[in-house]
Amino acid sequence: MYQPIVDLKTTEIVGADALIRWEHPSWGIVPTKELCAIAEEIGFIINLGKWMLEEVCRNYKEWLKKGLSPIKVALNYSGIQFFENNFAENVLNTIREYELDPSFLVIEITESTLIRNAEKVRKDIETLKTNGIQIALDDFGTGFSSLADLSAFPIDILKIDSLFIKNIAKDETCSVIAGSIINMARELQIKAVAEGIESWEQLSELKSLNCHAGQGYLYSKAVEPLEFTKLLAKKKCRPIRTQNVDTPKKQRRKFFRVEFIQSLEAEMTILEIKGKKIDVGNTKVLVKDIGPGGLCFISNIKLPIVKDFIMLFKTELLGKELKLTGYPVWGGEKDSNLYTYGVEFILDENDRSLLIHDLNKIQIKMRKKSLFTDGSFVTVSPAIYFKQFNN
């Protein structure tokens, strides 16, 4: 599947992220990161990477035959793939088999890839760049040695982690960090690409910071090759004005919501399904906001959206344990391996009044200091947080 990367000023499609999905007969669609973790564990990641590159080359050649505009296509490579003998040469040979100019390809790597076997990675990158392939550093800003990486490795593109984009219009710190990355990239003649653009407010802030390009649900989710071909034929991908990315949905709520700058870690337990009590343990989730009527959370598990699916959430807020019970009323895929859900609480009026009291206290504290931290908050993005559970 392909997600368009768009020039934020002109809305022109300048690239695409190639994302693999596995349609399993029993599990359904297995997201990219989960699939790649499995492939790494069983030693299949090298073959999977070769298959992905071949599919990308085949799709790209078809686009050129149809007279569509040439773009950059980004493929994510793990550190394990760089351990392959003749890695760079194998990539180039595959591209040559399809009689394509290698310069269409962008290889995305993470900081951990650079740390592993750094000397071999550097040599492979130099070989790839000599042949016109660009290198993108993914999730920039979340690691400990990202600045050192820029001086040690010839990077062409910085992908600003969605953690900063999520709060860029609400939190001055995130805006300053994103602006600094964008300005630094410009000074180093590196292109900055913002990940996870989901709202008009985020887009407006990125434009004011002169960010080069971006991607996210505001423009398009990842789509199958045929649908992406139609997008590419239009040459431009304009932001979408829909209720799931704009604010009207919040205005229709019966109760107010307190939106957190950082995600609140919670323990979620399934209490019963269709009236039958069950015991399947618990799992970690991240809460985005809470109101007297419900909450919104992110999970790496796909859940059914039915009223007889009762869940219990436990977290710490304002120095005390908070327990809330409810059922899902809406849900959707947030990105390649995470899901966002809306929950309606099952509360009596006394418990609801106590919750409203606590939420009002939180709002007062947030007005005084936007980065409210009196609770089980996490400082990393959801993607990085849930990645630990894939290992």
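This chain uses plain numbering: 1 for the first residue, then up along the sequence. All figures in this text were calculated on a predicted structure; none of them were measured in a lab. Only heavy atoms go into these numbers, but all of them, side chains included; no hydrogens, no water, no symmetry mates.
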*Using a strict 4.0 Å threshold on nitrogen-to-oxygen distance, state whether Arg58 and Glu55 make a salt bridge.*
yes

*asked:* With a 4.5 Å cut-off on side-chain heavy-atom distances among I, L, V, M, F, W and Y, is there a chain of contacts connecting Val329 to Ile346?
replied: yes

*asked:* On a heavy-atom basis, which atom in Pro382 and which in Ile298 lie closest, and how many Å separate them?
replied: CG-CD1, 3.8 Å

*Please round to the nearest 0.5 Å and tell me the distance separating atom CG of Leu163 and atom OG1 of Thr379.*
8.0 Å

*Scan for salt bridge (Lys or Arg N to Asp or Glu O under 4.0 Å) pairs involving residues 294-318, sequence neighbours excluded, and state none if there are none.*
none

_Can you tell me how the ring of Trp63 sits relative to the ring of Tyr2, calling it parallel under 30°, perpendicular over 60° and tilted otherwise?_
perpendicular

*Set of residues satisfying salt bridge (Lys or Arg N to Asp or Glu O under 4.0 Å) with respect to Asp156, sequence neighbours excluded*: Lys129

_Looking at Lys235, I want to see if its NZ is surrounded by more than 12 non-hydrogen atoms of other residues, nucleotides or ligands under 6.0 Å._
no

_Nearest 0.5 Å, please: how far is CD in Gln134 from CG in Leu105?_
9.5 Å

_For Phe377, ring-ring contact (aromatic ring centres under 6.0 Å, His included) partners two or more places apart_ = Phe260, Phe372

*Identify, with sequence neighbours excluded, every residue that meets side chain to side chain donor-acceptor pair (under 3.5 Å) alongside Lys320.*
Asp358

*asked:* Between Phe228 and Asn59, does the side-chain contact (heavy atoms from CB on, under 4.5 Å) criterion hold? Intermediate values first, please.
replied: CA-CA 10 Å; Phe228 185 78; Asn59 290 152; over 6 Å; no

*asked:* Check the orientation of Tyr60 and Phe104. Use parallel for under 30°, tilted for 30 to 60°, and perpendicular for over 60°.
replied: parallel

_How long is the straight-line distance from CE of Met311 back to CG of Leu295, given to the nearest 0.5 Å?_
8.0 Å

_Sequence-distant partners of Lys236, side chain to side chain contact (heavy atoms under 4.5 Å, CB included), two or more places apart_ = Thr11, Arg238

*In Å, rounded to the nearest 0.5 Å, how long is the span from CD1 of Ile157 to CD1 of Ile107?*
11.5 Å

*Carboxylate-amine/guanidinium contact Glu119 Arg122, below 4.0 Å*: yes

*What do the steps show when you test Glu349 against Arg352 for salt bridge (charged side-chain N to carboxylate O under 4.0 Å, His left out), and what is the final call?*
CA-CA 5 Å; Glu349 289 311 306; Arg352 199 183 306 277; 3.6 Å; yes

*ring-ring contact (aromatic ring centres under 6.0 Å, His included) partners for Phe297, two or more places apart*: Phe313, Tyr341

*asked:* Check Asp374 with Lys361, please: is the shortest side-chain N to carboxylate O separation under 4.0 Å?
replied: no

